[in-house]
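Single-structure report; data block below.
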2 protein chains.
Amino acid sequence: MQKAAIERNNETIAAQLTPVGRETVQDRVYSELRRALIGGLFEPNQVLTIRGLADALVTSTMPVREALGRLITEKALEALPNRSVRVPPITLERIDDLLRARSLIEGEAIALAATRMSPRQIASIEAMLGEWDEMRALKHKKDIDREATLNQSFHFEIYRCCGSAVLIPMIESLWLQSGPCIRVAIYAFSDAGEVDTAHYHRSIVAALAKQDAQAAREALVADISRPFAFLRDKLQSAATKDQT
Amino acid sequence: MQKAAIERNNETIAAQLTPVGRETVQDRVYSELRRALIGGLFEPNQVLTIRGLADALVTSTMPVREALGRLITEKALEALPNRSVRVPPITLERIDDLLRARSLIEGEAIALAATRMSPRQIASIEAMLGEWDEMRALKHKKDIDREATLNQSFHFEIYRCCGSAVLIPMIESLWLQSGPCIRVAIYAFSDAGEVDTAHYHRSIVAALAKQDAQAAREALVADISRPFAFLRDKLQSAATKDQT
DNA sequence: TCAAAGCAAGTGTGATCACAAATCAAAAAT
DNA sequence: ATTTTTGATTTGTGATCACACTTGCTTTGA
């Protein structure tokens with residue numbers, strides 16, 4: 001019996017091959033819609049139809065309706081009484097509400113991460129920061145999508161170190177909910193002149209490197225407050241203008 | 001033209017009729033599964049099959065699979081790599097993780113509620129407390145289901161006053177996730193002798209009546225920590241016993 | 001001229017079917 | 001006796017269809 005030999009052979013094969021994964025269509029639809037939502041491809045109040053999305057994604061309605069259902073339970077989308085679904089509208093209350101929740105939960109996550117991050121993990125984050133600067137220096141034209149993606153990776157790389165399997169999905173849900181709002185703010189930013197966004201990220205990394213949980217929390221809150229505050233002002237001025 | 005008369009007639013009819021509501025089958029399945037989960041009808045590690053649930057609920061597979069998908073995104077259920085779904089297992093890490101998240105978020109919610117609750121709302125909570133004692137005094141036999149339901153109403157009545165449409169769904173998700181754990185603890189409680197659960201709730205109400213946010217937060221954390229701590233001890237002793 | 005009724009296109013929901021993958025048990029081979 | 005293979009059953013996934021409800025427009029009636 002060549003059991004050991006066969007076993008060894010299988011192992012060498014396994015070492016060379018990369019797992020193929022068995023992502024379902026529904027998963028791909030879900031990821032794609034998530035990406036679109038966080039990226040702000042859909043604007044607030046826009047209604048989405050199952051068949052419309054199915055056509056756009058070139059699948060049948062089945063995976064789409066299940067993905068939509070999941071996004072609705074995460075409050076990333078909203079089910080109207082008409083049974084149609086839309087991207088939730090932006091209101092002042094919702095902005096404040098989201099910012100408070102994000103400060104609370106992401107603040108806790110980064111405070112936990114501050115005491116747990118290994119030097120290797122810190123270095124990884126710092127490298128990211130450098131790459132970021134590089135990109136920003138290179139292209140004078142603003143690449144908002146790339147910027148947003150990098151920002152997302154930066155934050156979640158940190159959050160992943162908090163060691164909480166409960167908090168992280170909640171943070172993902174919060175990003176999903178604030179995605180459309182943030183994107184509106186970002187676009188407004190690029191018109192209203194640039195702020196030094198890099199500064200915030202540097203102070204986050206500095207606090208993490210010192211394992212200073214409180215400083216990390218404060219730096220993070222300052223970072224995520226920025227677009228919310230901007231959007232808040234924008235909405236308020238729009239509201240007062242409507243009154244005239 | 002009798003327009004005014006017709007209008008008046010319609011209004012009187014509308015006043016007598018109660019809206020019929022348009023709950024879908026999927027919604028009912030979802031609610032039912034939620035109830036079962038929070039109530040601890042399913043035990044940790046139990047796998048659920050779509051067809052099995054569909055038969056039990058007397059519907060087709062369609063509403064069930066969508067409800068399951070929603071529960072999975074809320075982390076109330078877990079999707080195994082086999083694509084089958086089970087209720088998540090209890091581990092020590094998960095218990096601590098859930099307790100931390102619940103203390104953080106529910107603590108924030110009650111702190112917000114403490115500054116916002118109207119005297120009328122406080123009175124409503126107090127009345128609940130009385131009804132509670134009454135029930136407990138009446139039946140010497142412990143009615144765990146009723147107890148749990150009342151506890152749930154008590155907490156969410158308070159949380160609803162926090163005025164955050166973002167926090168409340170997160171709390172619901174957390175209850176869903178800790179439901180099976182808690183139920184295990186509760187059952188163990190009833191064997192291990194009763195603790196004065198009423199005391200915790202009284203101190204919560206007292207803090208709310210004084211609008212003392214910090215005291216309310218602390219009282220709440222003490223309240224929700226109790227079953228978690230109990231369960232934690234139980235698991236740890238079981239683990240050490242396994243080692244022998 | 002304007003509101004109400006009627007019609008047609010579009011949309012979500014649930015049921016059913018086909019298919020592929022997983023699971024389990026019995027049979028075969030070592 | 002243990003392992004492997006084979007085959008039957010179960011299970012999740014995706015597609016399609018039927019039905020009910022909504023919506024927007026046209027037509028009808030006052």
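Everything numeric in this text was worked out from a predicted model, so none of it was measured. First the proteins, then the strands, lettered A, B, ... as listed; each starts at 1.
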Of the candidates D/dG12, D/dT22, C/dG14, the side chain of B/Ile50 sits closest to D/dG12
Provide, to the nearest angstrom, the distance between the CD atom belonging to B/Gln26 and the P atom belonging to C/dA15.
-> 11 Å
If you check every side-chain atom of B/Met62, which of D/dG14, C/dT13, C/dA15 has the closest atom?
-> C/dA15
Side chain of A/Thr49 only, please: which of C/dT11, D/dT22, D/dA15 is the nearest?
-> C/dT11
Inspect the surroundings of CD in B/Glu43 and state if more than 12 heavy atoms from other residues, nucleotides or ligands are less than 6.0 Å away.
-> no
Any chance CD of B/Gln46 has more than 12 other-residue heavy atoms, nucleotides or ligands included, within less than 6.0 Å?
-> yes
Using a cut-off of strictly less than 4.0 Å between a heavy atom of the residue and any atom of DNA chain D, enumerate the qualifying residues of residues 64-86 of chain A by number.
-> A/Asn82
Rounded to whole Å, the CG-P distance (A/Leu48 to C/dT11) equals 12 Å
Interatomic distance where CZ belongs to B/Arg28 and C1' belongs to C/dT13 [whole Å] | 12 Å
Please report, rounded to the nearest Å, how far the C1' atom of D/dA15 is from the CG atom of A/Asp55.
-> 14 Å
Classify the ring geometry between B/Tyr159 and B/His155 as parallel (under 30°), tilted (30 to 60°) or perpendicular (over 60°).
-> tilted
To the nearest 0.5 Å, how far apart are SG in B/Cys181 and CG in B/Leu99?
-> 11.0 Å
Can you name the residues that form a side chain to side chain donor-acceptor pair (under 3.5 Å) with B/Arg83, not counting sequence neighbours?
-> none
Among C/dA15, D/dT22, D/dG14, find the nucleotide with the atom closest to the side chain of B/Ser60.
-> C/dA15
Spacing between A/Arg51 atom CZ and D/dT22 atom P, to the nearest angstrom = 16 Å
Closest of C/dA15, C/dT16, C/dG14 to the B/Thr59 side chain is C/dA15
Does a side-chain N-to-carboxylate-O contact under 4.0 Å join A/Arg94 and A/Asp97?
-> no
